[in-house]
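One-based numbering, in listed order, for ligands and for the atoms of each. Numbering starts at 1 and runs along the sequence shown.
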Amino acid sequence: MTSLWQARRDAAPESASTLPASDFEDGARYDVVVVGAGLTGLVTALLLVRAGKKVALLEAGAVGSLTTGLSTAKVSLLQGTMYSRLSGETAMKNARAYVAANQEGAAWLLRYLDEHRVAYEVRDAYTYAGTPDGTAAVDEEQLAAARLGLPVEKVVLDLPFPTFGAVRLPDQAQIDPIAALDVMAMDFRARGGTLVEGARVLRVSATGGENRGDARVISTLGQIDAHRVVLATGTPILDRGLYFAKLEPVRSYGISYRLPGDRTGIDGMYVSADAPTRSLRTTPIVEGDGFGRIDGELLIVGGNGHTVGRAPHPAALVDDLEEWTAANFPGAERTHAWSAQDYVGANPIPFAGWLPRSAGRIYFATGYAKWGMTNAVASGLRIATELLGSDTWWAKTIGRRATRPQSIVRGAVNGANVGREAVEGWMGALRSTLPKDPPAEGQGVVAHDKGRPVGVCTVGGVTRTVSAVCPHLGGVLTWNDQETSWDCPLHGSRFTADGTRIEGPATADLA
Ligand SMILES: Cc1cc2nc3c(=O)[nH]c(=O)nc-3n(C[C@H](O)[C@H](O)[C@H](O)COP(=O)(O)OP(=O)(O)OC[C@H]3O[C@@H](n4cnc5c(N)ncnc54)[C@H](O)[C@@H]3O)c2cc1C
Ligand code: FES
């Protein structure tokens, strides 16, 4: 589904997608190949090309086609209840390093947007209690954030829906993530970087012979070699280090609305501390929205997240968000609806660095827990700095952190849930027989055909049958009735109705 940001790009006369495409040169050699043109990949690639490296950036879809282009895009140091989590799960010095990394990420991004005249809005950020039970979590967050030196204060909000206390951090920002990526993509190409869209990386292997110590990147367009490879693919697409097992893929929903009078009545960026999650921000109406030149703003409402592949009816979660908005913002008219996923690590601090068992050839970054606007930039800064032979104190501190019992328990619970889903998926498929009639439009079912799980769905009047076994590690897929996709409840790989891979650790399509 297309986000408001992607729709604006489609309506704009000039964007990254209209830049002359770089050619994929089969057999070429680069200093660094970066895989994935989201925020992590573009920041990393840009920093390296600016330092004089020969860099190729390979993107399976288009620039920003996944999480970054579907983000709510608040650039905020107040991040829900992140500091309460950090206080419980990591040492104070690591929490301070996390804050420093995010401060540097935010400062770098906003400075870059200023330099390239990309508009954004400075707004106060709030974490609020949506129920009386959430008040304690807000109080705890205020204390945890203040202990880390952030200028937070407790406030009482006057919003169109009930709140039960809030913490405020002034002067954060909200951006258009596609506008940010597009300017970075143009900058990267203008500096001689090779950016190829539509190149899905399938494998990375070690090279031998005179280029021993390099890595070979095998993609759908051919293969190229590099001294170092950076996987900026959301979750890593290689299983070394088993990072897919240390991450929970979480999908959530975003909807933009036009309101009567083109005023939203809110002037900050809000996220609830308690369930059900609600995230709100505004964005100025622009020419590309199709309403003409209007001095007004749209409202963006997000929330209702869940582990990928484990919500029985994602469409019902979108209906629920719509009902909540209609009740609290009367007259709101939906302009766009979309969804995306991000990866929540067992450890609260994102992973960024070299991939185990890659002999230092392959780097990766993941685990931003839906706060990647700052964390992705920090990861890009960290990896690029390391590849250029330098370091920062916060990167060194984070790199040496130990995993605490609370994070180990979180990881174990995640692992147990994955194990249960794996068994239940296979049992459920083997218990179900293929339907006599095709599923209704927009619906899909999993059943067995001679003992193998298959998925049958009808989309756009076409009924298709695909293998319902995830090519990553054999999870049985579930049907996503909101996005008409096959989703894996184990580690979050997703596929279109015809079996084409969309995202996640799998690199192959469905049979
Ligand atoms: C609904 C939602 C709202 C959010 N809101 C906020 C927010 O308000 N503030 C905030 O700070 N963070 C937010 N986040 C988190 C933030 O958007 C992400 O953490 C961040 O965008 C991740 O960037 P990325 O570059 O790692 O991943 P992506 O943007 O997903 O980029 C990865 C890229 O890699 C490509 N790729 C994958 N596999 C391959 C392959 N095999 N070969 C080639 N290319 C490949 C993909 O096509 C993709 O373009 C939100 C997340 C979600 C899901
Ligand atoms: S994503 Fe790992 S088994 Fe499907």
* To do: Evaluate side-chain contact (heavy atoms from CB on, under 4.5 Å) for Thr484 paired with Trp479, printing each intermediate quantity in order.
  => CA-CA 7 Å; Thr484 59; Trp479 181 246; 3.7 Å; yes
Considering only heavy atoms, which of [options] lies nearest to [atom]?
atom: atom 38 (N) of ligand 1; options: Arg501, Glu59, Arg200; result: Arg501
atom: atom 42 (N) of ligand 1; options: Val201, Thr67, Leu238; result: Val201
atom: atom 2 (C) of ligand 1; options: Gly38, Ser379, Ser252; result: Ser252
atom: atom 29 (O) of ligand 1; options: Val377, Leu70, Thr68; result: Thr68

Give me the residue, atom name and distance of the protein heavy atom closest to [atom].
atom: atom 6 (C) of ligand 1; value: Ser71 OG, 3.2 Å
atom: atom 43 (C) of ligand 1; value: Ala60 N, 3.2 Å
atom: atom 19 (O) of ligand 1; value: Asp342 OD2, 2.7 Å
atom: atom 34 (O) of ligand 1; value: Gly36 CA, 3.1 Å
atom: atom 11 (O) of ligand 1; value: Met373 N, 2.8 Å
atom: atom 8 (O) of ligand 1; value: Lys74 N, 2.9 Å
atom: atom 26 (O) of ligand 1; value: Thr40 OG1, 3.0 Å
atom: atom 36 (N) of ligand 1; value: Thr233 CG2, 3.9 Å

Atoms in ligand 1 with a heavy atom of [X] nearer than 4.0 Å:
X: Ala199; value: 42 (N), 43 (C)
X: Val35; value: 42 (N), 43 (C), 44 (N)
X: Ala340; value: 53 (C)
X: Gly372; value: 10 (C), 11 (O), 12 (N), 15 (C), 16 (C), 18 (C), 19 (O)

* For Lys54 and Asp31, run salt bridge (charged side-chain N to carboxylate O under 4.0 Å, His left out): C-alpha distance rounded to whole Å, both residues' side-chain angles, the deciding distance at 0.1 Å, then the answer. => CA-CA 5 Å; Lys54 187 179 175 196; Asp31 294 327; over 6 Å; no
* So how far is it from Asn102 CG to Tyr98 OH, rounded to the nearest 0.5 Å? ->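 Separation between the atoms: 4.5 Å.
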* Asked: Under the criterion salt bridge (Lys or Arg N to Asp or Glu O under 4.0 Å), which of Arg494, Arg501, Arg200 is the partner of Asp509?
  ->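 Filter result, single survivor: Arg200.
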* Asked: Counting no waters, how many protein N/O/S atoms sit under 2.8 Å from atom 4 (Fe) of ligand 2?
  -> 2
* **Single hit among Thr235, Asp239, Thr507 for side chain to side chain donor-acceptor pair (under 3.5 Å) with His472** =>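 Only match with His472 under side chain to side chain donor-acceptor pair (under 3.5 Å): Asp239.
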* Looking at His227, Arg228, Arg361, which hits side chain to side chain donor-acceptor pair (under 3.5 Å) with Asp214? -> His227
* To do: Take Arg251 and Glu483 through the salt bridge (charged side-chain N to carboxylate O under 4.0 Å, His left out) test and state the conclusion after the steps.
  => CA-CA 12 Å; Arg251 220 163 162 82; Glu483 299 189 67; 2.9 Å; yes
Taking the non-hydrogen atoms of [X], is any one of them nearer than 4.0 angstrom to ligand 1?
X: Glu503; value: no
X: Gly254; value: no
X: Ala232; value: yes

Quick one: look at [X] and ligand 1, take heavy-atom pairs under 4.0 Å, and tell me if it's side chain, backbone, both or neither.
X: Ala73; answer: backbone
X: Tyr368; answer: side chain
X: Arg281; answer: neither

* To do: Tell me, with the steps shown, if Thr194 and Phe188 meet side-chain contact (heavy atoms from CB on, under 4.5 Å).
  => CA-CA 8 Å; Thr194 300; Phe188 175 71; 5.5 Å; no
* To do: Could you give me the CA-CA distance, side-chain angles and deciding distance for Ile349 and Thr90, then say whether side-chain contact (heavy atoms from CB on, under 4.5 Å) is met?
  => CA-CA 9 Å; Ile349 298 182; Thr90 194; 4.2 Å; yes
* Does the cation-pi check pass for Arg278 over Trp324, that is, NZ or CZ under 6.0 Å from the six-membered ring centre and within 45° of its axis? -> yes
* Polar contact flag for Leu39 and ligand 1 (N/O pairs, less than 3.5 Å) -> yes
* Within the structure, does Thr72 bring an N/O atom to less than 3.5 angstrom of an N/O atom in ligand 1? -> yes
* To do: Please assess Ser279 against Lys74 for the test side chain to side chain donor-acceptor pair (under 3.5 Å), listing each intermediate value before the final yes or no.
  => CA-CA 10 Å; Ser279 164; Lys74 301 170 185 168; 2.7 Å; yes
* Verify side chain to side chain donor-acceptor pair (under 3.5 Å) between Tyr257 and His336, making sure each step is shown before the conclusion. => CA-CA 7 Å; Tyr257 294 94; His336 297 86; over 6 Å; no
* **Stepwise side chain to side chain donor-acceptor pair (under 3.5 Å) check, Thr40 with Ser379** => CA-CA 7 Å; Thr40 308; Ser379 295; 5.8 Å; no
* Evaluate the criterion salt bridge (charged side-chain N to carboxylate O under 4.0 Å, His left out) for residue pair Glu297 and Arg281; output intermediate values, then yes/no. => CA-CA 10 Å; Glu297 58 193 14; Arg281 64 164 277 191; over 6 Å; no
* Full working for ring pair (Phe, Tyr, Trp, His ring centres under 6.0 Å) between Tyr343 and Phe351 -> CA-CA 11 Å; Tyr343 299 88; Phe351 304 106; over 10 Å; no
* Asked: With a 3.5 Å cut-off and no angle check, do the side chains of Gln174 and Thr282 form a donor-acceptor pair?
  -> yes
* Asked: Taking the side chain as C-beta and beyond, is there a heavy-atom pair between Ile255 and Val318 under 4.5 Å?
  -> yes
* Report the relative orientation of the aromatic rings in Tyr270 and Tyr128; use parallel for angles under 30°, tilted for 30 to 60°, perpendicular for over 60°. => perpendicular
